[in-house]
Amino acid sequence: MKKMMYSFTICMAILFLSAPAVVRAASEVSDLKETVVKQSEMIDALLGRVKALEEKKYTNVGAMPTSLEEISPKASWAERVQIKGDFRYRHETSNAEGRRHNVDQGQRDSRGTTRNRHRIRARIGVYAEINDDIDFIFRLASGTDNSPTSTNETLDTFFTKKHVWIDLAYVTWHPEEFMCIDTRGFEAYAGKMKMPFYKPVGSELIWDGDMNPEGIAAKYCTKVNNIELCVAGGGFWVDEDSNDVDTNLWGVQGYFKAPVINEDTKLVGGITYYDYGSMRDHAVYGDGNGNSTQFRSIFGQVTPTQLVSTDTEIYQVDFQILEGFTELHWTMFDMPFVAYGQFVGNMATKDDDNGFQFGAKINKCKNPGSWQFLYYWQRLEADAVLGALTNGDFGQTDSQGHAFKVGYQLAKHTQISSQLFIGRTGLGGDHVPPYPADRTGKDFTTFQVDLKVKF
């Protein structure tokens with residue numbers, strides 16, 4: 001009995017002494033539990049925040065900015081403006097054979113001249129998106145102010161400075177909807193613009209590749225089943241004359257692109273009509289470039305009692321040009337091929353009024369190591385087209401010849417190419433040029449090597 005009392009006393013003493021520790025342990029467990037609950041709540045809050053960020057939803061700050069305009073309105077132009085340009089270095093060798101008649105001796109002799117030139121072309125442009133429907137294009141280019149068909153500058157004249165001119169300056173309007181009408185596929189242009197009319201394989205039979213018309217134009221394309229149909233039209237201001245009737249140009253074109261047999265074979269065909277207003281009797285541009293011209297005496301009042309006569313070279317005919325063209329595209333040996341033909345006729349005259357070009361293109365310069373080849377033959381009678389705006393490498397109408405062009409893609413945005421033109425001016429038709437006889441019956445050869453880079 002005494003032992004039991006003794007054991008009970010010892011146990012009670014131990015419990016009494018350990019009670020504070022137990023109480024403290026219980027308190028600590030309670031605090032730890034409360035901390036865990038708080039941490040769990042914080043983790044839930046953080047997870048909710050992460051989810052809100054992923055969904056770009058803010059309670060107080062607002063939506064996550066998605067464009068430069070939202071971040072800084074002053075910097076938004078960087079999204080809407082691009083700067084593009086290109087540079088070409090060209091070596092050109094040309095040989096022209098002139099034939100002249102010796103009136104006194106009744107003999108004809110030949111004389112050939114060879115010319116070597118190094119030439120550059122530099123162009124840089126700004127392409128700006130004004131809004132969803134309107135774009136603005138502005139480009140500067142090298143060249144001279146007396147040639148609408150060239151942007152070349154010849155390296156000569158003791159390292160003098162070279163010229164820079166406005167090459168493009170126009171707006172385009174391409175609304176997807178206008179007055180509740182679906183207008184997708186419609187584009188309108190105003191200013192000094194790129195050629196709005198389709199040219200088969202980039203043909204320069206009518207328009208040189210560097211010629212950019214000035215005025216207004218519009219184009220609309222749509223698809224009917226698998227056939228793409230396009231129509232284009234425009235009015236352009238050729239020359240404003242304060243003392244005479246202005247010269248203008250109106251054009252309209254319709255063409256189609258349709259698959260044939262399969263999707264890799266495509267046929268393109270179209271018709272174009274161009275009408276120059278008041279070109280006949282208008283002063284020629286340059287030296288006439290092969291067109292029929294004549295001289296007209298113009299009297300000017302110098303004093304109330306004195307008249308002075310000036311001889312001015314004028315065009316003898318008007319130009320109402322009808323064009324027809326076709327292309328056939330197909331793929332062979334994993335390479336694109338295209339064959340084409342183009343015909344032009346001037347309905348405003350009955351003599352020397354036709355022209356045509358036939359050619360083919362193989363492959364395309366695209367990726368480094370790729371190549372392309374183009375050949376065509378053309379004949380262009382004196383008054384088939386306006387000579388001042390046709391291919392500057394052939395130089396004029398009243399000519400015919402061959403062209404060979406080959407290109408190789410050296411690297412990205414870097415290409416080397418060469419062109420060879422072999423032809424003859426002075427076709428000997430009904431056209432009787434007013435210029436001296438030594439400029440007729442001329443054989444010519446032009447060889448060019450180009451290095452071109454783009455950025």
* Residues in disulfide bond (SG atoms under 2.5 Å apart) with C230, at least two apart? -> C221
* Indicate whether any N or O donor in one side chain lies under 3.5 Å from an N or O acceptor in the other, for Q419 and D450. => yes
* Asked: If you measure from CG on D318 to CG on D275, what distance do you get to the nearest 0.5 Å?
  -> 8.0 Å
* Taking atom types as modelled and ignoring hydrogens, do the side chains of D145 and H163 form a donor-acceptor contact shorter than 3.5 angstrom? -> no
* Asked: Under 3.5 Å, is there a donor-acceptor pair linking the side chains of Q342 and Y376?
  -> no
* Taking every non-hydrogen atom, the tightest pair across Y340 and Q357 -> OH-OE1, 2.7 Å
* To do: Compare all side-chain heavy atoms of N212 with those of D167 and state whether any distance is below 4.5 angstrom.
  => yes
* **Non-hydrogen atoms of E263 and N226 that approach each other most closely** => OE2-ND2, 4.3 Å
* To do: In plain terms, say whether D86 and K454 are close enough for a salt bridge, that is, a side-chain N and a carboxylate O under 4.0 Å apart.
  => no
* Asked: Going by distance alone, is a donor N or O of one side chain under 3.5 Å from an acceptor N or O of the other, for T93 and N116?
  -> yes
* Between L249 and W207, which heavy-atom pair has the shortest distance, and what is it? -> CD2-CH2, 3.5 Å
* Structure fact -> dist L155:CG -> K162:NZ (nearest 0.5 Å) comes out at 6.0 Å
* Asked: With E214, which residues qualify under salt bridge (Lys or Arg N to Asp or Glu O under 4.0 Å), at least two apart?
  -> K192
* Over all atoms of both residues, closest heavy-atom pair of P148 and Y285 -> CD-CE2, 3.6 Å
* Asked: Are side-chain heavy atoms of T154 and R119 found at a separation under 4.5 Å?
  -> yes
* **Within-4.5 Å side-chain heavy-atom neighbours: Q253 and E323** => yes
* D393 side chain to Q448 side chain, donor-acceptor N/O pair below 3.5 angstrom -> yes
* **Validation row, ring centre W377 to ring centre F356 under 6.0 Å** => yes
* **Non-hydrogen atoms of D383 and F319 that approach each other most closely** => O-CE2, 3.7 Å
* Please check if atom CD in E176 has more than 12 non-hydrogen atoms from other residues, nucleotides or ligands closer than 6.0 Å. => no
* 4.5 Å side-chain heavy-atom contact, Y276 and I321 -> yes
* Which heavy atom in C365 sits nearest to a heavy atom in Y408, and how many Å separate them? -> SG-N, 3.7 Å
* For residues H413 and F455, establish whether the separation of their ring centroids is below 6.0 Å. => no
* Asked: Got a sec, which pairs hit side-chain hydrogen bond (donor to acceptor under 3.5 Å, both in side chains) with one end in residues 362-371, sequence neighbours left out?
  -> none
* R379 vs F358 side-chain heavy atoms within contact, under 4.5 Å -> no
* Verify the distance criterion only: is there a donor paired with an acceptor across the side chains of D210 and T149 at less than 3.5 Å? => no
* Asked: Atom CG of D443 and atom CZ of R424: how far apart are they, to the nearest 0.5 Å?
  -> 4.5 Å
